[in-house]
Amino acid sequence: MAQRAVWLISHEPGTPLCGTVRFSRRYPTVEKRAKVFNGASYVPIPEDDPFLKALLFELRLLDDDKDFMESRDSCSCINKTSIYGLPGGGGELWPVVAFQKNDMIYACVPLVEQTLSPRPPLISISGISQGFELLFGIQDFLYSGQKNDTELNTKLSQLPDLLLQACPFGTLLDANLQNSLDSINFISVQKHPQKQPAWKAGTYKGKPQVSISITEKVKSMQYDKQDVADTWQVDGAVTCKCDLEGIMPNVTISLSLPTNGSPLQDILVHPCVTSLDSAILTSSSIDAVDDSAFSGPYKFPFTPPLESFNLCYYTSQVPVPPILGFYQVKEEEVQLKITVNLKLHESVKNNFEFCEAHIPFYNRGPVTHVEYKVSFGQLEVFREKSLLIWIIGQKFPKSMEISLAGTVTFGAKSHKKQPFDQICIGGTAYLKLHFKILDYTLTGCYADQHSVQVFASGKPKISTNRKLISSDYYIWNSKAPAPVTYGSLLL
Amino acid sequence: MGRLSREAWAQRLGAFRASPSAFMAGPEGEDLGRDLLSDLRSEKLSEQTKVSLLVLSLEYPAQLWPDAPAAEAAASSLLDTLVLLPPRPSALRQPLLLAATTALAAGGALGPTSAASRRLLPLLLGLASGRDLGRGFGPASEQRPLQATACECLRELESCKPGLLGGCLGLLRGLLGQEGPVGPVQPLSLLLALALRNTLVTQARAGAGLQGLLVAGVSPAGASPWNWTLAEDGDAHLQPQAPSWLAAEEGECGLAALEPSPEEARELRAAVAQLLDTSYLLTPVAQAQLLWLLGWALRGLRGQLPVLFKTQLVRLLGTAQLTLLHAVLALKAAFGEALFTAQDEDLLLRRLTLAAQHPALPPPTHLFYLHCLLSFPENCPLGATGEEAAPLLLRPQLCRGLLPSLLHDPMALLARLHLLCLLCAEDEEKDEKGQGQSPQRYLGELLAGLRQRAALDGGPRALATLCFQASYLVAHCLAGQPTVMTSLTHGLVRLYRDRPVLAPHFVDLLDRVGPELGEPLRVALRQEVVSRPGKDEALRWHLQMLAKVADRGAQSGTLRFLQAAAAHCTDWGLQQALLQVCRALLRAGVRGGLADLLQALARQLEDPDGRDHARLYYILLAHLAAPKLGVALGPSLVAPALASSLVAENQGFAAALMVQEAPAPIRLSVGPRRAEGPGPVLQLQVEVLEPVYSLELRFRVEGQLYAPLGAVHVPCLCPGRPAHPLLLPLQPRRPAPTQLDVRALYTTPAGLTCHAHLPPLPVNFADLFLPFPQPPEGAGLSFFEELWDSCLPEGTESRLWCPLGPQGLEALVSRHLEPFVVAAQPPTSYHIAIRLPPDSRLLLRLEAAQGDGVPVALRTDDWAVLPLAGDYFRGLSAAA
């Protein structure tokens, strides 16, 4: 379950190497075990530069993909997980766990405690999930609250010290690196009479308070077609911050639904939750929803960590999408004729923080001319980006229905400037809705202040908040083919 | 090297990290390990800098201390540094413990005879058990973190020497169970779990029982806590302990041999329960480690032990943590039905299915869960193990959300496509009515979408690659379904029609798929190509494609296409491509029309190489029977016929392209010395026995005494013709003699390239002598005296007796030391100053010669030179 080495690589397209190793750490005692375990199939960990080159090639992040290269482009080189084999001195280095996020590539090589030929199935290697967790932990540490490059560099410079705490010998002790940072700074003088959890660096001193915030994201794919069903789904996250005294305070939070609320499904909880009702464990989007579905209250007893954490995630299938619309595009010589219609469902709170429809045009030249009529809001045109943004504002009008009609003319296509898209070929096009509603959830889910039970000294102040935001809310051109999921074909 | 400043260390560490191997090969490499250890005690460096030095030693002990004695010495030094720390808070104690542990474990020095091991282990155990080790071990505030670190160090040592802590099990249990003020739970739990696992495995292997090792708080009477006998079988115990994931059967891991007595079983159960009960106090990743270890430890043991895990399962199944769910799968694999009923298995599968698509989890996690689904350890597996397959309980209804769509990124698409293929394969077995939205139809539409994207002119290659990977995957999984293969074939041919530039992908696909897709696709592509007029922009791709798919079928069409194409093959590349097709036809046994075509090509092609080629093929076709032709053209297909393949088919050409190992026809010797110029230069005399062309002499110096030497090139050498001496500048890093390893690479008159190893060349001490700049007339003596005085106090002085031959002192000096004389009163007194690169000097006073010898007073600023100078004078007298 140990790691042989870890790397952080920044992807820098356009530079000679296309990347730089920002951080690396090797674990020689683990390496020594790898040599024994892997036997003849052992391949040593390469130095940083050759590793960088091999990994970027494998991830297709080098700039040259003009020519067919068998080792990369062959149809039989199929990768279905983020785990790679990298050719190098004396064989193939495997398994390399690697993924890219925010221009940073995270990579590590877990120890496999057996021979590598034949390759054992990934599921049997405990170091794989440990490696992922280490990389996710580093990613969270680097990017939580980080705003600019200076902060990123500061955090990168703290990594050697942090890994000395969190992963001194290649076996991960805590994926929460912030916790390790706190425990460096936190010096406990007295021994604790009670057993202290390893995931809690110290204890809180001060006014007791609990804050709970529920964020729901709604996504949708709307086609306005006979043979393809529209789809939409809500996923929610409940974030808590519990400032409570004592080593192991107990808290129970209940999430409730109004009578017509949509049941929560696919609930995943934080490891600090101590027990779960079996109805919570089994309510799943895989099964068809019926009236007998468990609809709460959803009780989560837990002992909170010091930091803010995600108590649980859920999904839900609400009966209707909050905004239903259609989008039609007709090609007329060099012009596109577009029609958009959007309707807010009456049950949805008509009070947005913002609401916009982004209408991009891919694989075409720049927009040279637009003629349009909107029933509501205003339209902004970004010519070079070939993008229209319809700013709808804070409220839909009384009719709850708005429309846009117009013609867009394009100039000559120049390959570099205009956006390329592999989906929007031919007439395939979409518009994407961006909106946010405060103090509202689509499922109706809420955390009642009175239902929060806290077993700790002092009566805590409890604050709650809710919001709904859109994510991946697409309305496809109904006059052309659109990418569908299997679910939308099951009419 | 003296003490380095913070900046100097930062620079040095940076240079080392950029490329450890290059740094270690450089001049500073040798001293790094020593400097690091000594500077850890320097008072000038900040703690932060010292921590960074220790971090380096944690990562690269093998480079710093390459063998076991060096590692042992380093560990001792690190422990000394630790003991010498003043009793105030320090950030160094923890990394010093880690570094000493790493040095011993990674350096192979850990063992009962190692003094450092005998110091480190009791220290770690003392710290881990929270014993008061005296004020030297830092303030009370550091006890707790040090206790945790000591546990981690012990865990690492136990990992490297399984069984080492077998005698500590009772002690560890006691510590973990302590009431009142307690130590850190996580490090103790993990240490106990690992030691328990290793002890169970090693005892089972030795056929021994638990022997009361587990009784809490008790060490077996008189026993040392270190079990070197268990750990000392070399690395034997590091042999894979879980060789096969799915082998939950008893006896597989030898644990069945361990039949605990009822008492031992009770102790074992209590220990496991104790660990599990406090597991919620561990971080999620540590909980997962604990479960893996215990799962491993108890697998195959008889009794009711798996049930102990049951209470943890509901809590674990609810989380989104990758490590925890993975650990549950490990328990599932280890215990099967003993822990998971059919309903539990169903629930686990459902949780896994929803985790594989849950929007709150990151994409790499989805992919890993998808892999876990297809490798799910079922209670009652059907079919072969090792192959990915959909588990029986995973009904299509469950998979709806896991099917691919064009919106997925390539990896997710391929992973989900695999699942879809598995469903299609099952679907066919069940019903063929195909009503409604069958998976096959969906698969067809998806593939069509992928092809549409691949056909996009100017699109990135990754899109094309993805399309072919998907086609390959489908062909691999659904080869037995003719309808799928037919539509796939049609779709691919259409793709080729739209974008012939993808020909290399098609060739690759045809190389890798089985005949179910390969055969129909080959025929369809051939028809597609030959139905075109032979003058296409994409002719190059058509020819490449045809070279792959051409055979005896549709000969006349193929030949017609080639005839038409020949007129447009204006450049060498196209002609070669055309000839490649002819070659493929030759191999396939096409005769009739091909002879005419080849004859026409032999006249018509512009390039002479192409014409020759066509003629050769024609001759082969006319004179060889089909089987022989196949053999003749067969083997060299491996070598791509890019260069003139006329010659490539000739054995001699292969020899001509290879470097031959040969005895050297070259003799190399060191000529007279040239004591001039800024650095020492070796004058080489070279003689040859036969003519040699393009000679390259490469020199290598053993060790790091000299900077790498450049090669010397000579265009041509003939026997009997005197050659100019070759000058080889040397760059010594120490003024010391050495030997040069010499290799020669040259071309013979026959055109073969040869490589030879020549006898080594000696570089003598005297070859390094260089004169000082000549002082002005008359100032010689004072110049010498100044140099003489400057040698002390850093340098050294010595006297020796140099015997003289019959010719006396004057002859000796003029023969050997003439260029270095600074002041002299011949024939009795000579003052000689010699510069020794890189920056040493050797000063000699030869005065008051007697009949048979002369006393030599010498001074140098470099101690190391002294023995060399002594040898030199002894050599002179021997020669005299």
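Note that the coordinates shown come from a computational prediction; the quantities given were computed from them, not determined experimentally.
- Across B:Q469 and A:I78, no two heavy atoms sit closer than the pair O-CD1, 3.6 Å.
- Here the CZ-CG distance, from B:F368 to A:L122, works out to 6.5 Å after rounding to the nearest 0.5 Å.
- Neither the backbone nor the side chain of A:E31 comes within contact range of chain B; no heavy atom of the residue lies under 4.5 Å from a heavy atom of that chain.
- Contacts of A:V30 with chain B are made by both backbone and side-chain atoms, with heavy-atom separations under 4.5 Å.
- A:T303 does not touch chain B: none of its heavy atoms, backbone or side chain, sits under 4.5 Å away.
- Proximity to chain A involves both the backbone and the side chain of B:A462, based on heavy atoms less than 4.5 angstrom apart.
- Most heavy-atom pairs under 4.5 Å with chain B: of the set A:R60, A:K219, A:M1, A:Q130, this distinction falls to A:Q130.
- Heavy atoms closer than 4.5 Å to chain B are found in both the backbone and the side chain of A:V269.
- Only the side chain of A:F99 has a heavy atom closer than 4.5 Å to any heavy atom of chain B.
- Contact of B:L398 with chain A is made through backbone and side chain together, with heavy-atom distances under 4.5 Å.
- Residues A:L268 and B:L354 form a side-chain contact, since some pair of their non-hydrogen atoms from C-beta on lies under 4.5 Å apart.
- B:E156 has no carboxylate O lying under 4.0 Å from a charged side-chain N of A:K32, or vice versa, which leaves the two without a salt bridge.
- With a 4.5 Å cut-off on non-hydrogen atoms, A:P28 touches chain B through its backbone and its side chain both.
- Using a 4.5 Å cut-off between heavy atoms, B:L456 touches chain A through its side chain atoms alone.
- Residue-environment remark: NE2 (B:H408) exceeds the threshold of 12 foreign heavy atoms within 6.0 Å.
- Applying the side-chain hydrogen bond (donor to acceptor under 3.5 Å, both in side chains) test to A:D48 and every residue at least two apart in sequence or in another chain returns A:W7, A:S24, A:R26.
- Residue B:C467 does not touch chain A at all, counting heavy-atom pairs closer than 4.5 Å.
- Under 3.5 Å, the side chains of A:S74 and B:R512 contain a donor-acceptor pair of N or O atoms.
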